[in-house]
Amino acid sequence: MEVDVSKFNIDAPRWDQNTFMGRLKHFFNITDPRTVIVSEQELDGAKMLVESCRAGVTPPGTTIQQLHYAKKLYDSAFHPDTGEKMNLIGRMSFQVPGGMAITGCMLQFYRTVPAVVFWQWVNQSFNALVNYTNRNAASPITPGQIGVAYVTATGTALATAVGLNLYTKKAPPLIARWVPFAAVAAANCVNIPLMRQQEILNGIAVTDENDNQLGHSKKAAIKGISQVVVSRIAMAAPGMILLPILMQRLEAFPFMKKIRIFHAPLQVILVGGFLLFMVPAACSLFPQRCSMSVSSLEPALRESIQSQYGDKVQYVYFNKGL
């Protein structure tokens, strides 16, 4: 059917973003790994259609289904703050194919220090790119700060992984298999805050419910970044905690001992199964458009808002990033 542009709002959420299930449906839609193979031409076409609809000049004959699909491609490939196309590897839709390959190899090659060092380095390089790509773009970061964040996070991951790897030499095999997760969790606690340090140092832009900017808040930045850290650890946890238990039991079977060469590909596939659900589930734990009560803001910003708006503004809103 043709779209009545006077009634269709392409930016209106298809699902209620105030509920976990609504957010889960939304992120299942935009983290769909199939969007990774969509051509650049089709992505650019989707952006043009979305922008045309926003301007009220949707091409005649356009259907609601076409607009929904265009918005899906737009949300998966373009940054919500700047509208710029994100690099392919840093997109959340690439988390399944990229994450399954790297995590599967981390879980398989954990026994020797060189293997631990190499795969943790690969993982932190991937994470650094994802964190930079999905930052709140209203707070720019310099190349030097990116370098410090990358080196520090990689060093933290390597120190945790190598240290625990050596410490668990005499521990039960399953404990050693959980070392990669401990390293990933520790690195996320360092990598994300450092990659977004400008937001912590200078504050993140906050708005009222109508997107009118009210100022910058460090407390809002800390809240948003903390939620992202929790989400990223939750994203990795099921696969990196449960899969080692499964693999340890599978490897006890005689047929598994005969096909050791297939252990790594099997882990990659199984991790992909976990991530296919956990990427959207972890992104859905908290609303992307985060809110904070005015009473919880810094005194100066709170007083500024109250002096301008009185009690009309009770909450401020900001993009917490992914």
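Any value given below was found using the heavy atoms of this structure, including those in side chains, with hydrogens, waters and symmetry copies removed.
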Parallel, tilted or perpendicular: ring planes of Phe28 versus Phe277, cut at 30 and 60 degrees = tilted
Cut-off 3.5 Å, side chains only: do Asn87 and Thr133 have a donor facing an acceptor?
-> yes
Side chains of Lys25 and Arg14: closer than 4.5 Å at any heavy-atom pair?
-> no
Kindly give the heavy-atom pair with the smallest separation between Arg302 and Leu297, and that separation in Å.
-> NH1-O, 2.9 Å
List, by chain and number, the other hydrophobic cluster members for Tyr317, where Ile, Leu, Val, Met, Phe, Trp and Tyr join if side-chain heavy atoms come within less than 4.5 Å, directly or indirectly.
-> Tyr315
Would the number of heavy atoms belonging to other residues, nucleotides or ligands and lying under 6.0 Å from CZ of Phe262 be above 12?
-> no
For residues Cys105 and Val122, determine if any side-chain heavy atom of one lies less than 4.5 Å from a side-chain heavy atom of the other.
-> no
Give a yes or no on whether Ile200 atom CD1 has more than 12 heavy-atom contacts from other residues, nucleotides or ligands under 6.0 Å away.
-> yes
Please say whether more than 12 non-hydrogen atoms of neighbouring residues, nucleotides or ligands are located less than 6.0 Å from CD1 in Ile259.
-> yes
Less than 3.5 Å apart, which donor and acceptor atoms pair up between the side chains of residues 281-288 and the rest of the protein, not counting sequence neighbours?
from	atom 1	to	atom 2	distance (Å)
Ser284	OG	Arg23	O	3.2
Ser284	OG	Leu24	N	3.2
Ser284	OG	Pro280	O	2.5
Gln288	NE2	Asn319	OD1	3.4

Could you give the distance from OG (Ser295) to CD (Gln306), rounded to the nearest 0.5 Å?
-> 8.5 Å
Are Lys85 and Asp44 ion-paired here, with the side-chain N under 4.0 Å from a carboxylate O?
-> yes
Closest non-hydrogen atoms of Val130 and Met92, given as atom of the first, atom of the second and distance, are CG1-CE, 4.1 Å
Close side-chain approach of Val316 and Ile305, heavy atoms under 4.5 Å = yes
Say whether Leu201 and Ile225 are linked into one hydrophobic cluster, either directly or through other cluster members, by side-chain heavy-atom distances under 4.5 angstrom.
-> no
Identify the two heavy atoms, one from Ser93 and one from Ser76, that lie closest to each other, and give their separation to 0.1 Å.
-> OG-O, 4.1 Å
Verify, without hydrogens or angle tests, whether Lys71 (side chain) and Lys47 (backbone) share a donor-acceptor contact under 3.5 angstrom.
-> no
Closest non-hydrogen atom pair, Pro59 against Leu49 = CD-CD1, 3.7 Å
Report yes if some heavy atom in the side chain of Thr63 is under 4.5 Å from a heavy atom in the side chain of Gln66; otherwise report no.
-> yes
Hey, is Asp211 close enough to Arg289 for a salt bridge, meaning N to O under 4.0 Å?
-> yes
Verify the cluster assignment for Met278 and Ile192: are they in a single hydrophobic cluster under the rule of side-chain heavy atoms below 4.5 Å apart?
-> no
Taking atom CG of Asn210 as the centre, report whether more than 12 heavy atoms of other residues, nucleotides or ligands fall under 6.0 Å from it.
-> yes
Can you list the other members of the hydrophobic cluster that holds Ile269, where links are side-chain heavy atoms under 4.5 angstrom apart?
-> none
Consider only side-chain N and O atoms of Gln95 and Thr31, and report whether a donor and an acceptor are under 3.5 Å apart.
-> no
ring-ring contact (aromatic ring centres under 6.0 Å, His included) against Tyr150, all qualifying residues, sequence neighbours excluded = none
Ser231 side-chain N/O to Gln227 backbone N/O, donor-acceptor pair under 3.5 Å | yes
Flag yes if Phe181 and Phe118 sit in one hydrophobic cluster, no otherwise; membership is Ile, Leu, Val, Met, Phe, Trp, Tyr, and two members link when side-chain heavy atoms are under 4.5 Å apart.
-> yes
Hydrophobic cluster of Leu194, others only, ordered by chain and residue number, side-chain cut-off 4.5 Å | Val190
Shared hydrophobic cluster, Phe27 / Val230 (ILVMFWY, side-chain heavy atoms < 4.5 Å) | no
Counting only N and O atoms by type, is there a donor-acceptor contact under 3.5 Å from the side chain of Thr152 to the main-chain atoms of Val148?
-> yes
Can Ser217 and Glu298 be said to form a side-chain hydrogen bond (donor to acceptor under 3.5 Å, both in side chains), step by step?
-> CA-CA 7 Å; Ser217 170; Glu298 296 87 336; 2.9 Å; yes
Measure across Asn188 and Val229 and return the closest heavy-atom pair with its distance rounded to 0.1 Å.
-> O-CG2, 3.9 Å
Is Leu67 close to Cys53 at the side-chain level, that is, under 4.5 Å between some pair of heavy atoms?
-> yes
For residues 237-257, tabulate all N or O donor-acceptor pairs below 3.5 Å that involve a side-chain atom, not counting sequence neighbours.
from	atom 1	to	atom 2	distance (Å)
Gln248	OE1	Leu174	N	3.3
Glu251	OE1	Arg177	NH2	2.4
Glu251	OE2	Arg177	NH2	3.1

Is Val36 linked to Met86 within one hydrophobic cluster, defined over Ile, Leu, Val, Met, Phe, Trp and Tyr using a side-chain heavy-atom separation of less than 4.5 Å?
-> no
Less than 4.0 Å between a side-chain N and a carboxylate O, is that true for Glu199 and Arg196?
-> yes
Please work out whether the ring planes of Phe78 and Tyr74 are parallel, tilted or perpendicular, with thresholds of 30° and 60°.
-> parallel
Where is the tightest heavy-atom contact between Val271 and Gly99, given as atom of each residue plus distance?
-> CG1-O, 4.2 Å
